[in-house]
Amino acid sequence: MKILVVNCGSSSVKYALFEMEKEKKIAWGLIECIGLPEAFYRRQTVKSDEKKESVKIANHTEAVELMIEELLDEKSGSILNIKEIAVVGHRVVHGGDKFFETVLVNDKVKEDLKNSFSIAPLHNPAHYAGIIAIEKMLPSIPSVLVFDTAFYHTMPDYAYVYALPYEFYEKDHIRKYGFHGTSHNYVSQKAAKMLKKSLNEVNLITAHLGNGSSITAIEKGNVIDTSMGFTPLEGVIMGTRCGSIDPAIIAYLLDKYPTYKDSSVLNDMLNKKSGLAGISGLSGDMRTIVQAVNDGNRKAMLAFEMFIYSIKRYIGAYYGILNGIDALIFTAGIGENSAFIREAVCKNFCALGIEIDKEKNYEHCTYERFISTKNSRVKVMIIPTNEELMIAREAKKRLTSK
Ligand code: AMP
């Protein structure tokens, strides 16, 4: 069975084609800057090397058309007929208050997704455009939506309701939704396997540390809490996002600087000009920050320390809420690649039974592994995330349980 996974952004289409018997990715690609003169198409298959070229692409439909042409290409293509694709799995960032599980696309689902635009204005309109484009180009192939927020459906209300007047929750659906769910879901399943236990026997804290970062507390397979909230802005300090701040700061800024009365300017500052970039004045990219720390840059050092501190705070809190954990898992760009950051996060956590082995932590490899010491009560693990595969698995599950 072949499954196509599609992730549509506002000006991009990213895809991966999986052969599910061995869960092998056989083709993948990215079309970026859709609608702009600098649009390009980068793709690769197991049979051919990476190709990159400029393209003229006006919209998502044309991008999907190009992707299908490439998948069917006589020389480098991966399928002979589009009917080989059993199902298309779409990544959808926000399921709002309507979607708490993977769904097959139908008219009602599309309508509900449209109604979620106000709650997820940055992502869901683009996902919707992708769904319509796929429908147009592959009318006979079913589509399934896999929501980043769905993994959090087990959160208790005392964790997801904000202490605002209750009508904002009831009428406006303002609550914690949580994000990166597909990644946390993937690594938690893999962690249980590595621990040789079933998911409902273990307590885990998963740390997805990338440009966007989130920490999730999972008790016997059920999410209890997560650091991101109504939007991906809440939680730990991120590359360019501020993470949790005192909400009164917003009211203060609105009074003091009229420019922030425009909510897009305010959102831009909080989402794109804050975090590591805002503090250091350098960049939101962690590699640049680490380099600047090594060069003795004071503000980069502060940004770095704040990042580590905010992560430790969540781990400490979730450890207490879960009444102990079996494993702490690092994933995503920073979590998988930076031994320096994993070391800093785990430093002085021996009271919690978290001790990492320096050599194992600094070992250069890209596969999943344990990095805790033999005596560490809590296993510390690095598990490379694989959201595309998780979406393919979910799509297969939904299709076969239809
Ligand atoms: P992601 O959003 O998961 O792609 O992660 C991107 C982030 O990972 C960026 O901030 C990168 O700087 C960071 N990153 C990748 N490799 C390293 C590394 N070796 N050391 C520190 N940060 C890294």
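Order of listing sets the numbers, starting from 1, for every ligand and every atom in it.
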Please write down residue, atom name and distance for the protein heavy atom closest to [atom].
{"atom": "atom 13 (C) of ligand 1", "value": "Ile334 CG1, 3.5 Å"}
{"atom": "atom 16 (N) of ligand 1", "value": "Asn337 CB, 3.4 Å"}
{"atom": "atom 10 (O) of ligand 1", "value": "Met286 N, 3.0 Å"}
{"atom": "atom 20 (N) of ligand 1", "value": "Ser338 CB, 3.5 Å"}
{"atom": "atom 9 (C) of ligand 1", "value": "Asn211 OD1, 3.5 Å"}
{"atom": "atom 23 (C) of ligand 1", "value": "Arg287 CG, 3.6 Å"}
{"atom": "atom 12 (O) of ligand 1", "value": "Asp285 OD1, 2.5 Å"}
{"atom": "atom 3 (O) of ligand 1", "value": "Gly333 N, 2.8 Å"}

### Query
Could you walk me through whether Phe307 and Phe304 pass the ring pair (Phe, Tyr, Trp, His ring centres under 6.0 Å) check?
CA-CA 5 Å; Phe307 178 76; Phe304 178 82; 7.4 Å; no

### Task
Run the numbers on Tyr177 and His94 for ring pair (Phe, Tyr, Trp, His ring centres under 6.0 Å), then give the verdict.
CA-CA 8 Å; Tyr177 288 101; His94 209 317; 4.6 Å; yes

### Message
Given the ring of Tyr169, does Arg175 sit roughly above its face, with NZ or CZ under 6.0 Å from the centre of the six-membered ring and within 45° of the axis?
### Response
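Geometry flag: not set, cation outside 6.0 Å or 45°.
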
### Query
Could Lys312 and Phe349 be counted as a cation-pi pair, given that NZ or CZ must be under 6.0 Å from the ring centre and within 45° of the axis?
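Because its charged atom sits under 6.0 Å from the ring centre and within 45° of the axis, Lys312 does stack over Phe349.
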
### Query
Of Leu204, Asn185, Ile218, which meets side chain to side chain contact (heavy atoms under 4.5 Å, CB included) against Val223?
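Single side chain to side chain contact (heavy atoms under 4.5 Å, CB included) partner of Val223 among Leu204, Asn185, Ile218: Ile218.
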
### Query
What atoms of ligand 1 come closer than 4.0 angstrom to any heavy atom of Gly210?
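In order of number, 1 (P), 2 (O), 3 (O), 5 (O).
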
### Task
Decide whether an N or O pair under 3.5 Å exists between His208 and ligand 1.
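No.
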
### Query
Less than 3.5 Å between some nitrogen or oxygen of Ile341 and one of ligand 1, yes or no?
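Min N/O separation from ligand 1 is not below 3.5 Å for Ile341.
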
### Task
Please check if atom NZ in Lys299 has more than 12 non-hydrogen atoms from other residues, nucleotides or ligands closer than 6.0 Å.
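At most 12 heavy atoms, drawn from other residues, nucleotides or ligands, come within 6.0 Å of this atom.
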
### Query
Tell me, do Thr216 and Tyr152 make a side-chain contact under 4.5 Å, heavy atoms counted?
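Heavy-atom side-chain distance check passes, below 4.5 Å.
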
### Query
Do Tyr41 and Lys52 have side-chain heavy atoms sitting under 4.5 Å apart?
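No, side chains not in contact.
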
